[in-house]
Amino acid sequence: QVAGPVPAEVVEVITAGIVDEWHAYAVYDAVIDQFGAVRPFTNIQRAEAQHADAWATIFERYDLPLPTQPVLEELPAFASLADACQAAAEAEIANLDLYDQMLQALADYPDMTQVVTQLRTASDNNHLPAFERCAN
């Protein structure tokens, strides 16, 4: 943990991180509602919950208030499970860019960098390939 007050820019970045995890969880919930308890959405949804918990731990460690979890008004519907998987794969690719930006923004915070590195690795090595297999 880094001593001292957390700059607003850092709070913005970690807030974006937890909100992104909550968003993914809600979208995967919508897919599960539409198509049933299908893989890879069920297992990756569990991973997203763990990722949100990792961010929550960072908020707690730095004595920062946890942001309010947004309610998604417009949840997506998909023509097929393969379409849902394709959209999820594209979201994972976008997340890799987000994680790279986060790594730069959080460079002075080793514990936050560790969280982002772990999430990026899971996204790149586990989630993206699973969604790509499902899309094809």
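Numbers for residues simply follow the sequence, beginning at 1.
- No side-chain donor-acceptor contact under 3.5 Å links Thr113 to the backbone of Leu103.
- In this structure, CG on Asn136 lies 7.0 Å from CD on Gln86, to the nearest 0.5 angstrom.
- Ala77 approaches Gln34 most closely through the heavy-atom pair CA-OE1, 3.4 Å.
- For Tyr25, there are no ring-ring contact (aromatic ring centres under 6.0 Å, His included) partners two or more places apart in sequence or in a different chain.
- Among pairs with a residue in residues 31-48, none fulfils salt bridge (charged side-chain N to carboxylate O under 4.0 Å, His left out), at least two apart in sequence or across chains.
- Pairing each heavy atom of Pro67 with each of Ile18, the nearest pair is CG-CG2, 3.8 Å.
- Pro110 has its side chain within reach of Val2: a pair of non-hydrogen atoms, C-beta onward, lies under 4.5 Å apart.
- Each ring-ring contact (aromatic ring centres under 6.0 Å, His included) pair with one or both residues in residues 47-69, not counting sequence neighbours, appears once here: His51-His127, Tyr62-Tyr109.
- Nearest heavy atom pair, residue Ile44 against residue Ala130, reads CD1-CB, 4.0 Å.
- Across all non-hydrogen atoms, the minimal contact from Leu75 to Ala26 is CD2-O, 3.8 Å.
- Around the CD atom of Gln69, the shell of radius 6.0 Å holds more than 12 heavy atoms that belong to other residues, nucleotides or ligands.
- More than 12 heavy-atom neighbours from other residues, nucleotides or ligands sit within 6.0 angstrom of CG on Asn125.
- Under the 4.5 Å side-chain heavy-atom criterion for ILVMFWY residues, no single connected hydrophobic cluster contains both Val31 and Leu128.
- The aromatic rings of Phe131 and Phe41 sit tilted relative to each other, their planes meeting at an angle between 30° and 60°.
- Among residue pairs with one or both ends in residues 84-136, those qualifying as disulfide (SG to SG under 2.5 Å) are Cys85-Cys134; sequence neighbours excluded.
- The nearest pair of heavy atoms linking Ala89 to Glu132 is CB-CG, 4.2 Å.
- With hydrophobic clusters built from ILVMFWY side chains whose heavy atoms lie under 4.5 angstrom apart, Leu66 shares a cluster with Val13.
- Pairs engaging residues 6-20 under the side chain to side chain donor-acceptor pair (under 3.5 Å) rule: Asp20-Asn95 [sequence neighbours left out].
- When hydrophobic clusters are built by joining Ile, Leu, Val, Met, Phe, Trp and Tyr residues whose side-chain heavy atoms come closer than 4.5 Å, directly or via intermediates, Val116 is grouped together with Ile58.
- Side-chain contact between Ile14 and Leu64 is present, with heavy atoms from C-beta onward closer than 4.5 Å.
- From Leu96, atom CG reaches atom CG of Asp124 across 5.0 Å, with rounding to the nearest 0.5 Å.
- Val10 and Ala105 get closest at one heavy-atom pair: CG2-O, 4.3 Å.
- Two residues are said to be in side-chain contact when any heavy atoms from C-beta on lie closer than 4.5 Å; Val27 and His23 meet this criterion.
- Taken from CG in Leu98 to CD1 in Ile93, the straight-line distance is 14.0 Å, to the nearest 0.5 Å.
- Applying the salt bridge (charged side-chain N to carboxylate O under 4.0 Å, His left out) test to residues at least two apart or on different chains, the pairs with a partner in residues 82-111 are Arg61-Asp111, Asp100-Arg120.
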